[in-house]
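See below for the structure under consideration.
The analysis underlying the following values was restricted to heavy atoms, covering all of them including side chains, and did not include hydrogens, waters or symmetry mates. Since the model is a prediction, treat every value here as computed from it, not as a measurement. Residue numbering restarts at 1 for every chain, and letters A, B, ... go by the order of the sequence lines.
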Number of protein chains: 4
Amino acid sequence: MKLSEKRSIEKKKQIILSAVKIVNRRGYEGATMEEIAAELLMTKASLYYYFRNKEDLLYQCHSLVLNQAIADIEELLAQPLSVEEKFFQMVALHIDYAIEEKETFNMIFEPKNIFSQEQLAEVIELRKRYSSLFNNLILKGIEEKKFRQADSYLLTMLILGALNWIQQWYQPNGRLSKEEIISHYQKDLLKILK
Amino acid sequence: MKLSEKRSIEKKKQIILSAVKIVNRRGYEGATMEEIAAELLMTKASLYYYFRNKEDLLYQCHSLVLNQAIADIEELLAQPLSVEEKFFQMVALHIDYAIEEKETFNMIFEPKNIFSQEQLAEVIELRKRYSSLFNNLILKGIEEKKFRQADSYLLTMLILGALNWIQQWYQPNGRLSKEEIISHYQKDLLKILK
Amino acid sequence: MKLSEKRSIEKKKQIILSAVKIVNRRGYEGATMEEIAAELLMTKASLYYYFRNKEDLLYQCHSLVLNQAIADIEELLAQPLSVEEKFFQMVALHIDYAIEEKETFNMIFEPKNIFSQEQLAEVIELRKRYSSLFNNLILKGIEEKKFRQADSYLLTMLILGALNWIQQWYQPNGRLSKEEIISHYQKDLLKILK
Amino acid sequence: MKLSEKRSIEKKKQIILSAVKIVNRRGYEGATMEEIAAELLMTKASLYYYFRNKEDLLYQCHSLVLNQAIADIEELLAQPLSVEEKFFQMVALHIDYAIEEKETFNMIFEPKNIFSQEQLAEVIELRKRYSSLFNNLILKGIEEKKFRQADSYLLTMLILGALNWIQQWYQPNGRLSKEEIISHYQKDLLKILK
DNA sequence: AATGAATGAGGGTTCATTCAT
DNA sequence: TATGAATGAACCCTCATTCAT
C-alpha cells in the first residue's frame, strides 16, 4: 500500500471520528456535513472527496464502531473460559464501550429514518451480528445446562437493552463507579439466565 | 369556561393526537408541520394559532403521552395489589406504551436535540417522575421483604433499559406477540428483584 | 372558481413567463430558480409554492407554449380553406410565433437532458402532437392529389427544421422583413410538396 | 519540433476526442471534466495541464469538428463536379456529421450560454464560414443558370435549418436509415433550388 | 379561527478550478 | 507530467415561521 493510500485511509478515519462526535452532539439528522467538516477545519465539499454522501459517511461511522466491538468480543470468545466467565466479560466489555467510548457507541441508536434501503439492510445485518454474539453465548450456556431453558432471543434483547441504557444515565462523577455498575449488572443479569 | 374555550382545547387535543401519529410514523425530526396539519385537513399556518411553534407542539405530545402513562401507573398503584402484582402490571403497561405509542413514548432519543432549554427541563423532570414510580415500588418491595436488598436505582435503570429497548426490535407481525413478550419480561425481570 | 384560485393561476402564469425569459437567456441548465424568482421580485423559495420543482416548472413552460401553438393551428385548420391555403397559413403562423414570441417558442429546443422519464414522455408527446398537425395536412394534401406522393414524416421534419431555424438568424432590423421571409418560405416549401 | 512537443499535441488531441465523445453523450453542459478525464484514465486535474479551462476545451472540440467539416467540404468543392453533384454531396456530408457527431457538431444550441466573449466571436466566425460554403455554391449555381434566381441567403438558411434539425429526431435504429434520409433530403432540397 | 402566500435560513450535493508535490 | 486533495461558489430544495386578510 502506497503512502498516499495510507494517508487517505487515515483521513477517512478522522472524518468518521469527527462525524461520530457531531452525531452524538446533534443526533443523526441534526448533524450537518458543514459541522462535521468544520470540526476538522475542512470545508464540507472536501468530505465528498472521501464519502459519496452523508448517508455513506454515517453508515461507515456505524460500521466502524460496531465492527470494532464485534472484533473485541470475538477475541474474548476465543479464549478458554467458562460460559459464565465469558458472559461476565462481555457485560464488562459492553459497559466499558458504552461508558468510555460513549460517543462512538452511541451511534448504534435510532438510525431508522436515515439510511436508504440498501444500507439499511447492511446496518441491520451488522447489528444482528453483534447481538448474535450474545445470543450464541446464551444458546451455548443452555446447551451446557449452565443456563436455564429459555427463549434466547428474548433474553438477548433484554440484556442488550439493559446495557445500552446505561449511557443514558451514567455520570462520570456520579455516585456509582463504572466498576460498581459492571459488578452489579453482571450478577443481576446472570440471575435471569440461571 | 366559555364554549369557545372548550372548543379550542378540544382542537388542541386533536392536533396533538395528529402530531403523535405523525411523530410515530416519522420520528421527531422527520415530522413536519405540513404533514401534521394535513392529517386534520388543516393548513400548517393554522397550527400556529394553537401552538407557539413546533417545539411547543412536540413537547406537548411527549408530555401528553408521558403524563398519561404516569397517570395510568399511579391509578394502578392505588389499587389493593401485592407488590409483585403491581410490578407485573407496570411492566405490562410500559411495554404496551412502548409498542403502541412507539416514537412519542420513546425514551431513548436524546431530548436535547429536540427541545430547547426551558422545555428540556420539563421533559427531564417528567422522565424522572416516571422512573421514580418504578424506583418507589422497588423500595417498597424491599421494605416488605418481597424483593431482595439491593440498590434500587440500579435496578430501576436496568429494568427501564430492558423495557425501553423493546421498541427498537419489536415487529408487529414478528414471531413474538406483545403478550408473549410481556409475559416473559415480567418473569425474567422479577427474577432480578427476588 | 374563487378569486384566490384565479389569482393563483395568474401568478403561475407570471412565473412561467419569467421562467421562459430566463431559459431563453441562459438555456435550460443555465436558468436558475433564483434568477427566475428575482425577475418577479420573489424569492426562489416562493416558486416552490407553485411548482413542485424546477423540472415541473420547466415542463409547464414547455407545455404552455406548445399547447397554445397547437390550439392556434387547430383553429386555423377548422376553417374552410384549401390544403395549399392552410399550409401557407401554418407556415406564416409558425414563423410569426418563432419571431414574435421568440422567447416562448424557443423553449422547444433541446430539453433532452433536463426532463426525467415521466415528463420526458409528456414533452415528446406534446411535440408529436404539434408536428402531427403538419404531418396530417401533408397527408391530406397527398390524398387530395394536391401534393405529390412522398414520405410525409420526412417532409414534416424538413419543413419544421427549416422554420425553427429562422429564429437563430432573424434580426428584427435586418435586411429581410418578417413578411418577406414568410412569403419566400411559403413558396419555397410548397415547391417541395408539389 | 521537439519530441515532447509532439507528444503534447498528440495528448491534446486525445483529450479533445474524449471530450467530443462525452459531449455527444451528455451535451455541452452535462459533460464534466471528471468524466472526460476518466474516459482516458486520467484525473481531471491533469486536463488543466493541456487546456486553460473547460470552456477552452469545449471550444476546441467544437472548433475541431467544424473545421474538419469545413475542410471536408472544401476538398469536395475542389473536385471537378457539377454544381448539382456538389450540392448532393454537401447535403450528404452535413447529414453524416449531424448524425455521427451529434452534439459536438450541433449548431442548434445557443453558443452564448457556453462560450465567453472572446471564444464566442470565433465560434460565430466559424459558423459563418461554414454557412458561406453553402451560400457560395448556391450563388455559383445561380450564375451557371443551374439554379433559379433567388435570395441565396434565405435559401442557405432554409437548407441549413432543415439539415440541422435532423439530429433532433433521428434515431439510430429508427424506421429511416441515414442513407434514406440523405437521399430524400438531397432531392427535396434540390427542388427548392431549381 | 383559518389560510394563502411568502420568505429566511439552512442543508446536501456538484463541479470547475487550484496547488503543492 | 500528473495527481491527490481541497475548496468556493452555486444550485436545488425543504421547512418552520410570519402576516395580511
Side-chain angles (χ1 to χ4, degrees), chain A residues 2-5 7-8 11-12 15 26 29-37 40-58, chain B residues 4 7-8 11-12 29-37 40-58, chain C residues 2-5 7-8 11-12 26 29-37 40-58, chain D residues 4 7-8 11 29-37 40-58:
Chain A
K2 278 180 291 182
L3 182 64
S4 65
E5 270 184 72
R7 238 191 261 137
S8 174
K11 189 91 191 185
K12 261 191 175 175
I15 295 174
R26 310 271 187 219
E29 320 221 23
T32 73
M33 295 299 269
E34 184 89 48
E35 197 174 359
I36 292 168
L40 295 169
L41 304 179
M42 299 170 72
T43 60
K44 63 178 166 176
S46 304
L47 300 185
Y48 288 84
Y49 183 77
Y50 297 94
F51 301 92
R52 282 211 324 287
N53 49 34
K54 186 183 175 184
E55 189 194 344
D56 183 30
L57 171 53
L58 258 33
Chain B
S4 64
R7 248 198 245 129
S8 174
K11 192 88 190 182
K12 264 191 177 178
E29 318 224 25
T32 71
M33 296 298 269
E34 183 86 50
E35 196 173 359
I36 292 168
L40 293 170
L41 303 179
M42 298 170 73
T43 60
K44 59 181 166 179
S46 307
L47 300 184
Y48 288 84
Y49 183 79
Y50 298 95
F51 299 91
R52 283 211 329 286
N53 49 35
K54 186 184 174 186
E55 188 197 341
D56 183 28
L57 172 52
L58 254 36
Chain C
K2 278 179 291 180
L3 181 65
S4 65
E5 269 184 72
R7 238 192 260 139
S8 174
K11 190 92 194 183
K12 260 191 177 177
R26 310 270 187 217
E29 320 219 26
T32 71
M33 296 298 270
E34 182 88 48
E35 197 175 358
I36 292 168
L40 295 169
L41 304 179
M42 299 170 73
T43 60
K44 63 179 164 179
S46 304
L47 300 186
Y48 288 86
Y49 183 76
Y50 297 94
F51 301 91
R52 284 212 321 289
N53 49 35
K54 186 182 175 184
E55 189 193 343
D56 183 30
L57 171 53
L58 258 33
Chain D
S4 65
R7 246 195 247 133
S8 175
K11 192 88 191 183
E29 317 223 29
T32 70
M33 297 298 269
E34 183 88 47
E35 197 174 358
I36 292 167
L40 294 169
L41 304 180
M42 297 170 73
T43 61
K44 61 182 165 179
S46 307
L47 300 183
Y48 288 82
Y49 183 80
Y50 298 95
F51 299 91
R52 283 211 327 285
N53 49 34
K54 185 184 175 185
E55 188 197 341
D56 184 27
L57 172 53
L58 255 36

In whole angstrom, give the distance that lies between atom [atom1] of [X] and atom [atom2] of [N].
| X | N | atom1 | atom2 | value |
| --- | --- | --- | --- | --- |
| A:Leu57 | E:dG11 | CG | P | 15 Å |
| A:Lys11 | F:dT7 | NZ | C1' | 12 Å |
| C:Arg7 | E:dA5 | CZ | C1' | 10 Å |
| B:Lys12 | E:dA2 | NZ | P | 13 Å |
| A:Leu40 | F:dA6 | CG | P | 10 Å |
| C:Phe51 | E:dA6 | CZ | P | 12 Å |
| C:Glu5 | E:dA5 | CD | C1' | 15 Å |
| D:Asp56 | E:dA16 | CG | C1' | 14 Å |

Distance below 4.0 Å between D:Ser46 side-chain N/O and F:dT3 OP1 or OP2: yes
Please state whether the phosphate of F:dA5, meaning OP1 or OP2, lies under 4.0 angstrom from any side-chain nitrogen or oxygen of A:Tyr49. yes
Can you list everything that forms a side chain to side chain contact (heavy atoms under 4.5 Å, CB included) with [X]? Sequence neighbours excluded, please.
| X | result |
| --- | --- |
| D:Glu34 | D:Thr32, D:Lys44 |
| C:Ser8 | C:Tyr50 |
| D:Glu55 | D:Asn53, D:Phe115, D:Ser116, D:Gln119 |

Touch check for B:Tyr50, heavy atoms < 4.0 angstrom, all strands: base, sugar-phosphate only, or nothing?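 Sugar-phosphate, no base atom in range.
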How is D:Ser8 classified with respect to the nucleic acid when contacts are heavy atoms under 4.0 Å: base, sugar-phosphate, or nothing? sugar-phosphate
To the closest 0.5 Å, what do you measure between [atom1] ([X]) and [atom2] ([Y])?
| X | Y | atom1 | atom2 | result |
| --- | --- | --- | --- | --- |
| C:Thr43 | C:Tyr48 | OG1 | OH | 11.0 Å |
| C:Asp56 | C:Arg52 | CG | CZ | 5.0 Å |
| C:Met33 | C:Met42 | CE | CE | 10.0 Å |

My understanding is that only residues two or more places apart in sequence, or in another chain, count here; which of them pass salt bridge (charged side-chain N to carboxylate O under 4.0 Å, His left out) with C:Glu35? C:Arg25, C:Arg26
Contact string for nucleotides 15-21 of chain F, one letter per nucleotide 5' to 3', B = base within protein heavy-atom range under 4.0 Å, S = sugar-phosphate only, - = neither, reads BBBBB--
Assign each of D:Leu41 and A:Thr43 the nucleotide of DNA chain F bearing its closest heavy atom; nearer the 5' end lies the nucleotide of D:Leu41
On DNA chain F, more 5' by nearest nucleotide between A:Met42 and D:Met42 is D:Met42
Which atom pair, heavy atoms only, marks the closest approach of B:Leu47 to B:Ile36? CD1-CG2, 4.1 Å
Secondary structure of DNA chain F in dot-bracket form (Watson-Crick or G-U wobble, distances below 3.5 Å, | marking inter-strand pairs): .||||||||||||||||||||
